[in-house]
Amino acid sequence: IRRNTIQNPYYQNQWALHNTGQYYSDTTNFLYDINIIPAWEITKGDSSITIALLDEGAKHEHEDLQNNLLQGKDVFGNKPDGSAASNSTHGTRCAGIIVAVDNALGIVGVAPKSKLFSIRIGSVYETSVTSCVEAFCYLLDSTDIGIANLSFAWPDEDQALTNAIDRYVKNARNGLGGVVVCSAGNYNCEVLFPASGCNDNVISVGACIPNGERKKPFQCDGIDWGSCYGNKLDVMAPGIAIYTTNSDNNNPYTLFGGTSAACPHVAGIAALILS
């Protein structure tokens, strides 16, 4: 697959997939990416592989998402299909990174032939631990959702959520097991929960910049946040200036950053591996 055969018009902005120096003009040291093209020669995903997105909901009618978003679930409020509230953008941005359709319209996701199941666990103002536990109980009863993306982090550990994640990882898909991918956190400190806990049953994802280094405060994008680090960190993925889908009708695509943006890249890769 050659880069110029990919028809999505905004693919050229997705440095995380194929870095040609779009974001940083230093093409000597700033050319790190996830090297997706060789993987796509093997698979772009499979419709039988479903990723659960535990977040604020995703915009089901987005042109780049609607064909890959399944009927979701709301365990927090009153959006029964797992869609996003009008003021919520976070989940839609994560969803695009994972499964944006390869449809020649906008961007393309890491696993564009897989499906995504949105579970709304909170709002733009609040994410509930109780809702997370309920979501994992629901996932445990599902037979076909093998990956869960958690693009959030808290300072305090919660044993009920740890137990729920452990059960899912060991018993999901009728005993085959599940994969849980978690953001490390954006507070320039040791990895936060749930990425820090859960008995090592999660993949903890930090954010890097286009030269492969950990994102530090004010580095590269000039914004005061740093990717969490430490011995609980498993892997790094691109986490600044990530071009993705957006809930705003006037701005259906946008730049997104943080370990929240890094985490979905790894969830997409997990979908390719399971495919």
Side-chain angles (χ1 to χ4, degrees), residues 1-41 44-45 53 58-59 61-69 84 89-114 116 149 151 183 186 205-213 215 219-223 225 227 236-269 271-272:
I1 300 173
R2 296 184 181 275
R3 182 174 182 268
N4 59 12
T5 66
I6 299 171
Q7 299 301 311
N8 307 78
Y10 298 141
Y11 173 73
Q12 62 186 350
N13 298 336
Q14 294 181 267
W15 72 265
L17 303 187
H18 189 83
N19 190 352
T20 60
Q22 305 98 309
Y23 185 76
Y24 231 81
S25 58
D26 182 348
T27 56
T28 302
N29 300 312
F30 284 78
L31 290 180
Y32 281 74
D33 55 43
I34 68 170
N35 198 28
I36 194 66
I37 291 178
W40 280 346
E41 292 176 348
K44 285 190 172 183
L53 177 68
K59 186 175 181 180
E61 63 270 27
H62 194 291
E63 63 179 5
D64 245 359
L65 296 176
Q66 57 185 352
N67 289 339
N68 275 347
L69 261 63
T89 61
H90 191 273
T92 301
R93 296 174 181 183
C94 292
I97 295 170
I98 304 172
V99 294
V101 183
D102 190 5
N103 55 9
L105 286 177
I107 64 165
V108 59
V110 174
K113 290 189 177 181
S114 290
L116 187 135
N149 185 96
S151 283
S183 297
N186 302 334
V205 185
C208 65
I209 62 175
N211 70 349
E213 294 181 0
K215 169 65 173 74
Q219 183 185 34
C220 215
D221 61 1
I223 302 175
W225 69 274
S227 175
M236 304 291 283
I240 67 164
I242 304 301
Y243 203 79
T244 186
T245 49
N246 196 32
S247 295
D248 188 343
N249 289 330
N250 296 318
N251 298 287
Y253 298 91
T254 190
L255 292 176
F256 183 40
T259 57
S260 286
C263 186
H265 287 94
V266 178
I269 292 168
L272 298 185

Rounded to the nearest 0.5 Å, the CD1 atom of I6 sits from the OH atom of Y11 at a distance of 3.5 Å

Interatomic distance, CH2@W15 vs CD1@I242, rounded to 0.5 Å, equals 5.0 Å

Self-check item: Audit row: W225, I240, side-chain contact (heavy atoms from CB on, under 4.5 Å) steps and yes/no
Solution: CA-CA 11 Å; W225 69 274; I240 67 164; 3.8 Å; yes

Please confirm whether the backbone N or O of N246 pairs with a side-chain atom of T89, one donor and one acceptor, at under 3.5 Å?
no

Nearest heavy-atom approach of D33 to A16 is CB-O, 3.2 Å

Residue pairs meeting salt bridge (charged side-chain N to carboxylate O under 4.0 Å, His left out), one or both in residues 256-269, sequence neighbours left out, come to none

Treating T259 as the side-chain partner and S183 as the backbone partner, does any N or O pair qualify as donor plus acceptor under 3.5 Å? no

* Between the side chain of N186 and the main-chain N/O of G258, is any donor-acceptor distance below 3.5 Å? -> no

When every non-hydrogen atom of H90 is compared with those of S151, the smallest separation belongs to CE1-O, 3.2 Å

Residue set satisfying salt bridge (Lys or Arg N to Asp or Glu O under 4.0 Å) with K215, at least two apart, ordered chain then number -> D221

Donor-acceptor pair, side chain of D102 and main chain of N8, under 3.5 angstrom:
no

By ring pair (Phe, Tyr, Trp, His ring centres under 6.0 Å), H62 pairs with (sequence neighbours left out) Y253

For T245 and K59, what are the C-alpha separation, side-chain angles and deciding distance, and is it a side-chain contact (heavy atoms from CB on, under 4.5 Å)? CA-CA 9 Å; T245 49; K59 186 175 181 180; over 6 Å; no

- Item | Check against side-chain contact (heavy atoms from CB on, under 4.5 Å), T92 and D248 | CA-CA 10 Å; T92 301; D248 188 343; over 6 Å; no

Closest non-hydrogen atoms of A267 and N149, given as atom of the first, atom of the second and distance, are CB-OD1, 3.4 Å

Criterion side-chain contact (heavy atoms from CB on, under 4.5 Å) on I36 and V110, from CA distance to verdict = CA-CA 7 Å; I36 194 66; V110 174; 3.8 Å; yes

Query raised in the report: Taking the side chain from H265 and the backbone from A261, do they hold a donor-acceptor pair closer than 3.5 Å?
Result: yes

Here the pair of heavy atoms bringing N68 nearest to P112 is ND2-O, 2.7 Å

Closest non-hydrogen atoms of Q219 and E213, given as atom of the first, atom of the second and distance, are NE2-OE1, 3.2 Å

Is there a side-chain contact between Y23 and L255 (heavy atoms, below 4.5 Å)?
no

Interatomic distance, CZ@R93 vs CD1@I98, rounded to 0.5 Å, equals 15.0 Å

Are the side chain of N19 and the backbone N or O of Y32 linked by a donor-acceptor pair below 3.5 Å? yes

To the nearest 0.5 Å, atom CG of D64 lies from atom CG of L69 at 11.0 Å

The side chain to side chain contact (heavy atoms under 4.5 Å, CB included) partner of L17 among I107, I97, I34, N35 is I34

For the residue pair C263 and C94, establish whether any side-chain heavy-atom pair is separated by less than 4.5 Å. no

Nearest heavy-atom approach of G239 to A207 is CA-CB, 3.8 Å

